[in-house]
2 protein chains.
Amino acid sequence: MNQISLSGLPLGAPLYQEVKRKIMESLRSGEWKPGEIIPSEKRLGERFGVSIGTVRKAVDELVAENILIRHQGRGTFVTSHTHDRYVFAFFHIIGQDGHKEYPKVELQAFASIKADADMAQRLGIRTGSKLFRLTNRLSIAGKPLIVDDIHVPERSFPHLTAETVRNRPGTLYQLYQDNFAVAVLRTEERLRACLADERLASLLEVEVGAPLLHIVRLALSFNDLAVELRHSYVNTAHHEYFAEEHQ
Amino acid sequence: MNQISLSGLPLGAPLYQEVKRKIMESLRSGEWKPGEIIPSEKRLGERFGVSIGTVRKAVDELVAENILIRHQGRGTFVTSHTHDRYVFAFFHIIGQDGHKEYPKVELQAFASIKADADMAQRLGIRTGSKLFRLTNRLSIAGKPLIVDDIHVPERSFPHLTAETVRNRPGTLYQLYQDNFAVAVLRTEERLRACLADERLASLLEVEVGAPLLHIVRLALSFNDLAVELRHSYVNTAHHEYFAEEHQ
DNA sequence: CAGTGGTCTAGACCACCCT
DNA sequence: GGGTGGTCTAGACCACTGG
């Protein structure tokens with residue numbers, strides 16, 4: 001059996017992994033916040049007692065994971081959720097021409113509910129825990145395109161209200177980040193085809209029984225903590241879900 | 001306007017990019033074939049007249065792109081399509097339990113056709129060019145799961161026959177690689193929901209009008225050369241398409 | 001101009017694999 | 001043991017940014 005140190009890294013782990021872990025710890029603790037600059041590589045090397053090359057290797061990995069961003073001549077910054085970034089990273093729906101356009105969002109419903117077994121299992125919480133449930137309708141060019149049923153644990157988003165959601169300046173993930181210090185770093189999506197029921201048909205202005213793309217998205221933060229469970233129903237008559245695989 | 005050198009890289013490009021380009025050129029030319037070992041980093045440094053660190057940076061990127069694989073103590077190897085690799089990299093369908101199982105494949109049809117405008121545009125060839133069209137049916141536990149309509153340019157796969165396809169030892173991508181020196185490096189997939197027509201209903205043993213996941217996959221090789229266009233129709237009653245996004 | 005990240009070098013030492 | 005990739009260092013120089 002492998003020995004594991006308190007940090008969660010194997011004993012004798014590379015120095016740069018230790019540095020990376022320490023940087024992530026500072027990010028998680030809020031020492032450096034989204035959008036802010038972090039110390040220069042030289043200073044980080046001094047702080048952790050390693051050479052610049054070792055800091056670079058740690059930062060390289062965090063940049064590859066889109067947690068940090070380097071700007072030559074300016075410095076290294078903590079990645080921040082912005083509208084453009086959201087559209088680039090997490091919004092996978094494109095038009096038939098391959099063009100990506102972010103839709104207009106209308107909040108349809110906001111409620112406090114209790115997690116059923118499926119939700120609880122996916123979110124890693126106890127069945128019966130309190131959740132907020134939001135329903136959004138997304139439209140492009142005035143035509144409904146997507147219905148999102150979004151579930152977030154109340155515990156992570158205390159005192160969230162429909163007004164807060166409705167009046168947010170940017171995307172929902174920006175709201176999570178700015179108002180609740182919850183950083184969405186990664187998503188897992190599971191897709192299937194389904195048929196529109198009456199509610200979806202009405203919201204999406206399609207016939208009952210029309211084919212829809214059903215996406216179950218789990219959004220994760222540091223340490224793979226699940227922060228949001230989202231069911232999206234997409235009318236793919238004139239739009240598609242795009243995915244790329246680099247072997 | 002930026003100046004571009006003959007190699008396609010901007011003038012004054014980093015040395016390691018030039019090294020990377022030269023390594024890829026050797027891969028494309030077949031100097032090092034899939035599964036084979038390439039020269040050690042020390043030898044590559046001597047060959048290209050750069051330090052080991054620079055070679056490492058070039059190889060790092062090719063490893064990140066899954067074109068090369070490093071094995072500590074053994075050497076660096078050209079990535080080869082194997083069954084496991086295919087399942088890991090390109091087969092995105094998982095069971096409801098999250099388990100990935102590769103299906104049994106039956107060739108249903110094999111024909112020579114001419115590219116229509118849509119196929120030609122996606123494959124980057126002329127309308128009317130000759131294509132092979134293969135139809136596969138994939139089943140798990142004896143139940144039909146996926147129908148694949150596969151189109152490849154005859155030019156890239158001379159003298160391909162149904163027998164060659166039927167008697168291949170591994171996956172289709174292994175056949176491309178081993179018999180035609182065509183390496184699939186990357187795929188782009190576009191997903192939508194559709195309804196089963198009579199042919200699909202019959203092949204997948206579902207009702208006409210059942211919802212299916214329709215995947216249009218474009219497989220690409222070096223220089224983003226399109227090598228295969230594949231329409232997959234998936235019965236997602238008990239399986240899902242899985243995608244992950246790292247912010 | 002000073003400070004930052006980006007590139008490149010040269011070499012040391014380690015862990016690992018094969019023979 | 002000899003060769004390989006993996007880590008780490010120390011320093012030089014370049015390109016870019018901002019004041």
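Model, not experiment: these values are computed from the prediction. Chain letters run A, B, ... following the sequence lines, proteins first, then strands; residues in each count from 1.
- Across the protein-nucleic acid pair, A:Gln17 atom CD and C:dC14 atom C1' stand 16 Å apart, rounded to whole Å.
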Please list, for nucleotides 15-19 of chain C, all pairs of protein and nucleotide N/O atoms separated by less than 3.5 Å.
from	atom 1	to	atom 2	distance (Å)
C:dA15	N3	B:Gln72	OE1	3.2
C:dC16	O4'	B:Gln72	OE1	3.3

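- Checked against salt bridge (Lys or Arg N to Asp or Glu O under 4.0 Å), B:Arg186 has the following partners two or more places apart in sequence or in another chain: A:Glu244, B:Glu188, B:Asp224.
- Side-chain contact check for B:Thr171 versus B:Phe91: every heavy-atom pair is 4.5 Å or farther apart.
- Sparse packing is recorded around NZ of B:Lys42, with 12 or fewer heavy atoms of other residues, nucleotides or ligands lying under 6.0 Å away.
- For DNA chain D, the contact window with chain A, defined by any atom under 4.0 Å from a protein heavy atom, covers D:dT7 to D:dG18 in 5' to 3' order.
- We find that B:Arg70 and B:Glu41 are joined by a salt bridge, their nearest charged nitrogen and carboxylate oxygen being less than 4.0 Å apart.
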**Asked** Which is it for A:Tyr86 and A:His81 under the side chain to side chain donor-acceptor pair (under 3.5 Å) test, yes or no, and what are the steps along the way?
**Response** CA-CA 6 Å; A:Tyr86 176 83; A:His81 277 286; over 6 Å; no
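- Looking at B:Leu172, B:Asn136, B:Leu134, B:Ile215 one by one, the single match for side chain to side chain contact (heavy atoms under 4.5 Å, CB included) with B:Asp148 turns out to be B:Asn136.
- Using a 30° and 60° split on the angle between ring planes, B:Phe157 and B:Tyr176 fall in the tilted class, from 30° to 60°.
- Between A:Ser80 and A:Gln177, the side chains place a donor N or O and an acceptor N or O closer than 3.5 Å (distance only, hydrogens not considered).
- Using a 4.0 Å cutoff on non-hydrogen atoms, the parts of residues 30-55 of chain A near DNA chain D are A:Val50, A:Ser51, A:Gly53, A:Thr54, ordered by number.
- By the salt bridge (Lys or Arg N to Asp or Glu O under 4.0 Å) test, A:Glu240 pairs with B:Arg190, B:Arg192, sequence neighbours left out.
- Among residues two or more places apart in sequence or in another chain, the salt bridge (Lys or Arg N to Asp or Glu O under 4.0 Å) test is passed with A:Arg168 by none.
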